[in-house]
Each structure stands twice: as structure tokens, then as C-alpha cells.
Engineer: 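Have a look at the structure that comes next, please.
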Amino acid sequence: MIVLPVSFLVPGTARAVIARLDVPLSFWGGYSAEAGIVIDRTHPDCGRRLAGTIVAMREARGSSSASSTLVEAARIGTAPAAIILERRDPILTIGSLVAADLYGVDIPIALLDAIYWPQLGDGRTASLDGPGSQILVED
């Protein structure tokens with residue numbers, strides 16, 4: 001088990017498989033809230049299911065409407081279980097906060113320092129502990 005220190009933009013807990021994206025994704029136009037998959041045809045992970053995973057991407061890309069896509073995905077049950085970022089993203093943070101307020105769906109968002117990024121292996125299971133400040137990555 002690897003323990004990685006994080007800070008939370010939106011606290012919460014989650015345990016799921018890591019879906020590591022090496023290219024930033026815009027939830028607006030790049031993610032289907034209906035299907036829970038990447039739909040941006042130019043993205044290397046096009047077709048990949050992100051619903052219920054811990055999405056790990058260094059930064060998000062896109063417009064302010066990305067928050068509404070995240071909220072809609074939360075409403076219909078196709079949102080990621082959590083999001084790990086290296087760079088702050090106020091738009092996804094707003095989407096997560098609104099999803100919790102409107103629908104009671106928690107989507108924790110954590111910041112992980114760049115030096116720990118290589119330890120977030122795609123397909124590994126991880127747990128976020130929002131009251132604490134850590135991610136546990138299973139071997």
C-alpha cells in the first residue's frame with residue numbers, strides 16, 4: 001500500500017479503480033454524462049468509461065460549462081467517484097459542490113503534488129480519505 005499526501009478542494013471519501021488520463025479532458029463536449037465515457041474523438045482515451053472511477057489527470061481542459069456536465073453525470077449516476085488533479089480547477093470544483101448540494105452526490109476532488117504523480121498507476125485501486133489528507137494506492 002502506498003500512502004500519498006493530498007489536499008482537498010472538495011473533501012470526501014471514495015474507493016475505486018484509477019483511470020489515469022495523460023492528456024487533459026474537457027468534461028464539456030469531451031465526456032458523455034449519459035454514457036459515462038470520453039467522447040472527444042481527438043482524445044487518446046476516447047471511448048473509455050470513467051463513470052465510477054477515480055479520474056486522475058494533471059489538469060482539466062475546457063470551458064466553464066464543464067461543471068454542468070459533471071453535475072448532470074452526478075444526477076444520472078455516471079459521474080467519476082472522485083477526481084485527482086495536480087493543478088487546481090475551479091470549474092470542476094464548482095460542479096462537485098453543486099452535485100453535492102442538489103443531488104447529494106459526493107465527488108471528492110484532491111490535489112496531488114507532481115512528485116507523487118508517477119505512483120498513480122492506471123488500473124490500480126485507490127482510496128481517498130477526505131477528512132484525512134491522503135490517498136491510499138493498493139499494490
Side-chain angles (χ1 to χ4, degrees):
M1 179 98 40
I2 302 167
V3 179
L4 304 174
V6 295
S7 59
F8 280 87
L9 297 174
V10 180
T13 58
R15 182 177 185 276
V17 171
I18 297 170
R20 182 173 162 165
L21 306 180
D22 291 325
V23 174
L25 174 70
S26 171
F27 275 75
W28 178 254
Y31 183 76
S32 168
E34 293 78 21
I37 62 171
V38 177
I39 58 170
D40 178 349
R41 290 182 294 182
T42 67
H43 197 281
D45 289 292
C46 185
R48 185 171 188 184
R49 183 167 177 79
L50 301 182
T53 68
I54 296 176
V55 174
M57 58 183 170
R58 291 183 184 264
E59 61 185 333
R61 182 187 62 132
S63 75
S64 59
S65 299
S67 59
S68 64
T69 303
L70 187 58
V71 171
E72 179 63 7
R75 183 184 73 79
I76 61 178
T78 60
I83 300 172
I84 302 171
L85 301 167
E86 183 182 315
R87 300 174 94 186
R88 291 181 185 275
D89 188 282
I91 303 305
L92 292 180
T93 301
I94 290 169
S96 175
L97 293 170
V98 171
D101 188 53
L102 289 181
Y103 304 117
V105 176
D106 292 327
I107 306 168
I109 300 181
L111 290 176
L112 180 68
D113 191 277
I115 63 170
Y116 300 112
W117 204 258
Q119 297 178 46
L120 285 181
D122 188 56
R124 295 176 81 179
T125 299
S127 300
L128 280 76
D129 178 11
S133 292
Q134 61 187 13
I135 298 170
L136 303 173
V137 180
E138 298 175 16
D139 293 328

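Every heavy atom of this structure was used, including side-chain atoms; hydrogens, water molecules and symmetry mates were not.
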Engineer: So, the side chain of S26 versus the backbone of R61: is there a donor-acceptor pair under 3.5 Å, distance only?
Structural biologist: yes
Engineer: Looking at residues at least two apart in the chain, or sitting in another chain, which of them share a side-chain contact (heavy atoms from CB on, under 4.5 Å) with T53?
Structural biologist: A19, L50, V55
Engineer: Where is the tightest heavy-atom contact between L70 and G95, given as atom of each residue plus distance?
Structural biologist: CD2-C, 4.1 Å
Engineer: For the residue pair A81 and G52, what are the closest heavy atoms and their distance?
Structural biologist: CB-O, 3.7 Å
Engineer: As an exercise, state the distance from CD1 of I2 to CG of L136, rounded to the nearest 0.5 Å.
Structural biologist: 10.5 Å
Engineer: Quick one: does any side-chain atom of D122 pair with a main-chain N or O of R20 as donor and acceptor, under 3.5 Å?
Structural biologist: yes
Engineer: Which heavy atom in R88 sits nearest to a heavy atom in L9, and how many Å separate them?
Structural biologist: NH1-CD2, 2.8 Å
Engineer: Side chains of I135 and I84: does their closest heavy-atom pair fall under 4.5 Å?
Structural biologist: yes
Engineer: What heavy-atom pair brings D40 and T42 nearest, and what distance separates the two atoms?
Structural biologist: OD1-OG1, 2.6 Å
Engineer: What about I54 and V137, same hydrophobic cluster or not, with Ile/Leu/Val/Met/Phe/Trp/Tyr joined at side-chain heavy-atom distances under 4.5 Å?
Structural biologist: yes
Engineer: For R49, enumerate each residue passing the side-chain hydrogen bond (donor to acceptor under 3.5 Å, both in side chains) test, keeping only those at least two apart in sequence or located in another chain.
Structural biologist: none
Engineer: Provide the closest heavy-atom pair for L92 versus A60 in the form atom of the first, atom of the second, distance.
Structural biologist: CD1-CB, 3.7 Å
Engineer: Heavy atoms only: give me the nearest L128-F8 pair and the separation to one decimal.
Structural biologist: CD2-CE2, 3.8 Å
Engineer: Could you identify which residues cluster with I37, counting Ile, Leu, Val, Met, Phe, Trp and Tyr as linked when any side-chain heavy atoms lie under 4.5 Å apart, either directly or through a chain of such contacts?
Structural biologist: I39
Engineer: Using a side-chain heavy atom cutoff under 4.5 Å and only I, L, V, M, F, W and Y, what cluster partners does V17 have?
Structural biologist: none
Engineer: Using the side-chain hydrogen bond (donor to acceptor under 3.5 Å, both in side chains) rule, collect all pairs that involve residues 69-87, keeping only residues at least two apart or in two chains.
Structural biologist: R58-E86, E59-R87, E72-R75
Engineer: Counting only pairs under 3.5 Å, give me each side-chain donor-acceptor contact of residues 96-120, with atom names and distances, residues two or more places apart or in other chains.
Structural biologist:
| residue | atom | partner | partner atom | Å |
| --- | --- | --- | --- | --- |
| S96 | OG | I107 | O | 2.5 |
| D113 | OD1 | I115 | N | 3.1 |

Engineer: Determine, using the 4.5 Å side-chain heavy-atom cutoff (strictly less than), whether V10 and V71 are members of one ILVMFWY cluster.
Structural biologist: yes
